[in-house]
Amino acid sequence: MRVTTSFPLGTLRDTPSEAEIISHQLLLKGGYIRRINSGIYAYMPIMLRVIEKISNIIRKELNKLGCSKLLLPQLHPSDLWKKSERWEGYTAGEGIMFNLKDRQGKEFGLAPTHEEVITSIASEIINSYKQLPLCFYQIQTKFRDEIRPRFGLMRSREFIMKDGYSFHSSKEDLVSFYKKMEIAYENIFTNCGLETVGVDADSGSIGGASSKEFMVTAEAGEDTILFTKSGSYAANIEKAVSIPNEAIPLKTKTDKLLETPNQKSISDICKNNNLDPTQIVKVVLYIARFEDKSEIPILTCIRGDQNINEIKLHNLISNKHSSNLIKLNKIENIKHIEKNLSNLPIGYIGPDLKDTVINKNSYWTKTWLRIADYSASNLSDFISGANKLNFHKVFNEFSFSEEQFLISDIRNAKKGDFTIKGNKETLREKKGIEIGHIFQLGQKYSEKLNASFSDNDGKLKNLWMGCYGIGVTRIAQAAIEQNYDENGIIWPIQISPFEVVIIPTNLKDPIQKNLTEEIYKDFKKNNLDVLLDDRDERAGVKFKDADLIGIPFQIIIGRDSINKEVEFLCRSSKNKFKIASKNLLEKFIYESEVMYNKKS
RNA sequence: CGGGGCGUGGCGCAGCUUGGUAGCGCGGGUGCUUUGGGAGCACUAGGUCGCAGGUUCGAAUCCUGUCGCCCCGACCA
């Protein structure tokens with residue numbers, strides 16, 4: 001490609017002020033993307049080449065696994081989503097699905113994901129176990145009306161994703177395919193030149209049993225991952241389990257009230273009464289709203305030094321209830337409290353808070369769903385709220401009985417905790433960017449959408465499903481977050497828009513011009529990804545742009561042209577040397593092979 | 001949704017406090033010089049100052065409303 005005739009660069013001299021993180025700044029400054037609206041970007045020609053490289057790597061690996069590529073519609077009729085019972089949750093309130101009506105008044109959603117559509121198709125074309133397993137995938141734009149789009153392509157409202165869906169006749173087959181997919185994913189990310197970590201993950205609103213996320217570790221990441229040094233354990237903090245530090249036993253052994261005026265926080269109580277946070281049980285109230293419009297008040301207990309993991313809590317409540325849990329809010333809004341609760345001593349609530357505080361005329365369920373984390377239920381002597389303003393209470397031999405409490409893990413694991421593996425390893429913490437996620441969905445969608453097949457025993461059974469996502473545009477940005485320097489991007493060669501850029505320093509010199517053309521044609525003839533910066537610009541401008549856009553190799557054609565010599569420069573190592581032009585092609589092929597193999 | 005910030009030419013910004021009809025740097029165009037790390041000089045094009053009201057002889061500037069964007073949080077997978 002020639003910059004002047006077919007490949008305009010569009011680099012910027014100043015960084016647009018909207019960009020906060022380095023990868024976003026470099027994408028904008030390098031002319032890769034342009035913002036059209038909040039979370040909506042145009043991919044410029046140079047960006048599209050990166051996207052296509054990533055797509056090709058994905059396609060090769062998935063085809064090896066026997067997956068078939070297809071393309072599904074993006075406009076989905078609401079009835080499909082109503083069948084899976086996700087329409088309300090995805091459109092109402094803070095749902096993320098853009099939705100609209102056609103001229104007939106029929107409702108549609110703009111696809112954030114494709115489980116419904118693919119399951120509906122699979123149910124039509126799969127009749128027999130003999131057709132299984134099958135895996136379909138597509139690479140396509142997804143739409144999500146994010147509450148807060150940010151960081152460029154990291155969390156945008158329109159983004160390109162590879163999503164794949166597999167169908168199986170048994171759970172065992174699903175599990176074995178899932179494991180193959182896990183390896184395929186590792187290959188894909190390695191082939192993209194990325195360093196990733198696989199972690200146990202929450203399966204979220206997609207649903208399903210087992211799930212694993214692939215993370216690019218980077219400071220700018222929005223997820224927190226907990227892991228051990230040895231690699232024996234790695235999980236997203238949303239899912240991570242651990243053993244908290246030991247509690248300090250409470251000395252006071254008698255039931256009594258503790259006057260604690262204006263001591264609403266754990267730290268206040270500890271400071272004023274010479275207590276340790278591990279001697280306190282913290283009670284947090286929530287209200288859970290379900291798809292069927294019912295609302296259940298939740299009372300949670302956890303040890304004072306620990307924090308509630310609302311995702312675990314969400315999943316726990318969701319599993320205990322037949323309708324979908326749409327929203328879980330802390331009870332802290334004064335208007336809500338006044339409307340539904342009476343005599344609630346905020347800041348002084350204990351695990352034995354009476355059901356009678358819930359107003360008779362409230363539309364909430366009239367009993368608390370009481371949930372205790374293990375860290376609380378393991379305590380029998382502790383301090384907690386006395387359910388009386390300005391008083392706490394010593395609880396002595398209190399029992400979190402299973403009749404009254406749902407006892408479970410609803411705690412946030414944190415760095416420094418011991419793992420549950422019993423090997424005395426402690427957890428470390430890093431930020432990560434989620435670029436891939438694989439799920440064992442099970443039969444959730446095949447049941448709801450009635451997708452069944454005849455098994456070899458002649459019985460009609462529901463399909464077993466897996467689903468597998470990769471954020472294509474997110475990979476591109478994550479790769480930059482992992483590979484840049486003060487001059488710009490340093491692409492891994494596997495996903496770089498070009499493998500090499502030719503920079504003639506003075507095209508007015510006929511000797512340089514001729515040599516440039518000679519070399520460019522030679523590279524083209526050998527099917528190499530080569531960009532020729534044939535602009536009538538000063539050399540410095542072209543050097544700056546070449547560094548900024550981050551092509552891994554640069555060929556500089558200058559004064560030494562007279563001797564048929566050029567310079568060959570490696571963007572990442574900054575190594576630069578002179579070479580006779582007749583040896584250039586061979587040298588380049590060798591060096592690029594080394595670079596490809598180094599990471600893949 | 002809560003908190004903070006910002007909307008002035010393609011990009012980055014100043015001007016606003018104290019109203020007088022818009023400016024700087026980069027970028028664009030033309031010419032000459034220059035030519036290995038974002039060149040110099042000269043000329044030049046380009047903006048109804050987010051939008052709508054209001055105050056005033058006069059509004060980028062003051063007032064009211066509104067829209068949008070960015071950041072932090074809530075939330076979300």
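Numbers restart at 1 for each chain; the letters A, B, ... are given by sequence-line order, proteins then strands.
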Handout entry: NZ/NE/NH1/NH2 to OD/OE distance under 4.0 Å, A:Arg157 and A:Glu146
Key = no
Problem - Side chain of A:Ile147 (C-beta onward), nearest among B:rG36, B:rA39, B:rC76 - result: B:rC76
Practice task
For B:rG23 and B:rG9, measure between their C1' atoms and round to the nearest Å.
Solution key: 11 Å
Handout entry: Sequence neighbours excluded - salt bridge (charged side-chain N to carboxylate O under 4.0 Å, His left out) pairs with any residue from residues 21-43 of chain A
Key = A:Glu18-A:Arg35
Handout entry: Spacing of A:Arg86 atom CZ relative to B:rC76 atom C1', expressed in whole Å
Key = 14 Å
Fill in the blank from the handout: When A:Thr15 and A:Glu434 are each assigned the nearest nucleotide of RNA chain B, the 5'-most assignment goes to A:Thr15
Practice task
Report which part of the nucleic acid A:Asn37 touches: base, sugar-phosphate, or nothing (heavy-atom distance under 4.0 Å, all strands).
Solution key: sugar-phosphate
Practice task
Among residues two or more places apart or on two chains, list those pairs meeting salt bridge (charged side-chain N to carboxylate O under 4.0 Å, His left out) that have a residue in residues 4-16 of chain A.
Solution key: none
Handout entry: ring-ring contact (aromatic ring centres under 6.0 Å, His included) against A:Phe588, all qualifying residues, sequence neighbours excluded
Key = A:Phe523, A:Phe553
Practice task
Using a 4.0 Å heavy-atom cut-off across all strands, classify A:Glu310 as base, sugar-phosphate, or nothing.
Solution key: sugar-phosphate
Exercise for the section: Please determine, for the side chain of A:Pro16, which listed nucleotide (B:rC11, B:rC76, B:rC71) has the closest atom? Expected result: B:rC11
Pairs of donor and acceptor atoms involving the side chains of residues 559-569 of chain A, under 3.5 Å and at least two apart or interchain, shall be tabulated with distances.
{"from": "A:Ser561", "atom 1": "OG", "to": "A:Gly558", "atom 2": "O", "distance (Å)": "2.6"}
{"from": "A:Lys564", "atom 1": "NZ", "to": "A:Glu518", "atom 2": "OE1", "distance (Å)": "3.3"}

Exercise for the section: Return the value, rounded to whole Å, for the distance between atom CG of A:Asp533 and atom P of B:rG37. Expected result: 15 Å
Completion exercise
Taken to the nearest whole Å, NZ/A:Lys330 to C1'/B:rC75 is 12 Å
Handout entry: Partner set under side chain to side chain contact (heavy atoms under 4.5 Å, CB included) for A:Asn506, not counting sequence neighbours
Key = A:Lys508, A:Asp509, A:Gln512
Problem - Side-chain ion pair, A:Arg150 and A:Glu222, N-O less than 4.0 Å - result: yes
Problem - Integer angstrom distance from the P of B:rA59 to that of B:rC67 - result: 25 Å
Problem - For A:Arg538, salt bridge (Lys or Arg N to Asp or Glu O under 4.0 Å) partners two or more places apart - result: none
Handout entry: Donor-acceptor pair present, A:Asn487 side chain and B:rG37 base, under 3.5 Å
Key = no
Practice task
Check whether any side-chain nitrogen or oxygen of A:Ser38 sits under 4.0 Å from OP1 or OP2 of B:rG68, and answer yes or no.
Solution key: no
Practice task
For B:rA60 and B:rG20, measure between their P atoms and round to the nearest Å.
Solution key: 9 Å
Handout entry: Residues in side chain to side chain contact (heavy atoms under 4.5 Å, CB included) contact with A:Pro497, at least two apart in sequence or another chain
Key = A:Tyr32, A:Ile46, A:Arg49, A:Val50, A:Trp491, A:Ile551
Handout entry: C1' atoms of B:rC24 and B:rU64, separation to the nearest Å
Key = 32 Å
Handout entry: Nucleotide-resolved protein contact map, nucleotides 27-32 of chain B, B/S/- at heavy-atom distance under 4.0 Å
Key = S-----
Handout entry: Contact under 4.0 Å: A:Arg148 side-chain N or O vs B:rC72 OP1/OP2
Key = yes
Exercise for the section: Write down the distance separating the C1' atoms in B:rC32 and B:rG36, rounded off to the nearest Å. Expected result: 23 Å
Exercise for the section: Specify the residue among A:Gly540 and A:Ser17 whose closest nucleotide of RNA chain B lies further upstream toward the 5′ end. Expected result: A:Ser17
Exercise for the section: Tell me what A:Ile311 touches on the nucleic acid: a base, only sugar-phosphate, or nothing, going by heavy atoms under 4.0 Å. Expected result: base
Exercise for the section: Report yes if at least one side-chain N or O of A:Arg538 is closer than 4.0 Å to OP1 or OP2 of B:rU35; otherwise report no. Expected result: no
Handout entry: Within residues 212-224 of chain A: residues closer than 4.0 Å to RNA chain B (heavy atoms)
Key = A:Glu213
Problem - Distance in angstrom units between A:Leu313 CG and B:rC75 C1', rounded - result: 15 Å
Practice task
Describe the nucleic acid contact of A:Lys142 in one word from base, sugar-phosphate, nothing, applying a heavy-atom distance below 4.0 Å.
Solution key: nothing
Problem - Residues A:Glu107, A:Lys82: salt bridge by 4.0 Å N-O rule - result: yes
Problem - Side-chain ion pair, A:Lys239 and A:Glu213, N-O less than 4.0 Å - result: no
Practice task
Using the C1' atoms only, state how far B:rG25 lies from B:rG38, rounded to an integer number of Å.
Solution key: 14 Å
Handout entry: Rounded interatomic separation in angstrom, taking CG from A:Leu28 and C1' from B:rC70
Key = 12 Å
Problem - Gap in Å between the two C1' atoms, one belonging to B:rC6 and one to B:rC49, rounded - result: 14 Å
Handout entry: side-chain N/O A:Asn506 vs B:rG36 OP1/OP2, d < 4.0 Å
Key = no
Fill in the blank from the handout: Contacts of A:Phe189 meeting ring-ring contact (aromatic ring centres under 6.0 Å, His included) (sequence neighbours excluded), chain-then-number -> A:Tyr185, A:Phe214
Problem - salt bridge (charged side-chain N to carboxylate O under 4.0 Å, His left out) contacts touching residues 466-488 of chain A (sequence neighbours left out) - result: A:Asp485-A:Arg571, A:Asp485-A:Lys574, A:Glu486-A:Lys574
Practice task
Answer yes or no: is there an ion pair linking A:Asp373 with A:Lys312, defined by an N-O contact shorter than 4.0 Å?
Solution key: no
Problem - Between B:rG40 and B:rG46 - P atom distance, rounded Å - result: 24 Å
Practice task
Among the candidates B:rC70, B:rU34, B:rC11, find the nucleotide nearest to the side-chain atoms of A:Arg35.
Solution key: B:rC70
Handout entry: Sugar-phosphate, base or nothing in reach of A:Lys508, heavy atoms under 4.0 Å
Key = base
Exercise for the section: Identify, residue by residue, the members of residues 559-568 of chain A with a heavy atom below 4.0 Å from RNA chain B, and return them in order of residue number, or none. Expected result: A:Arg559, A:Glu567
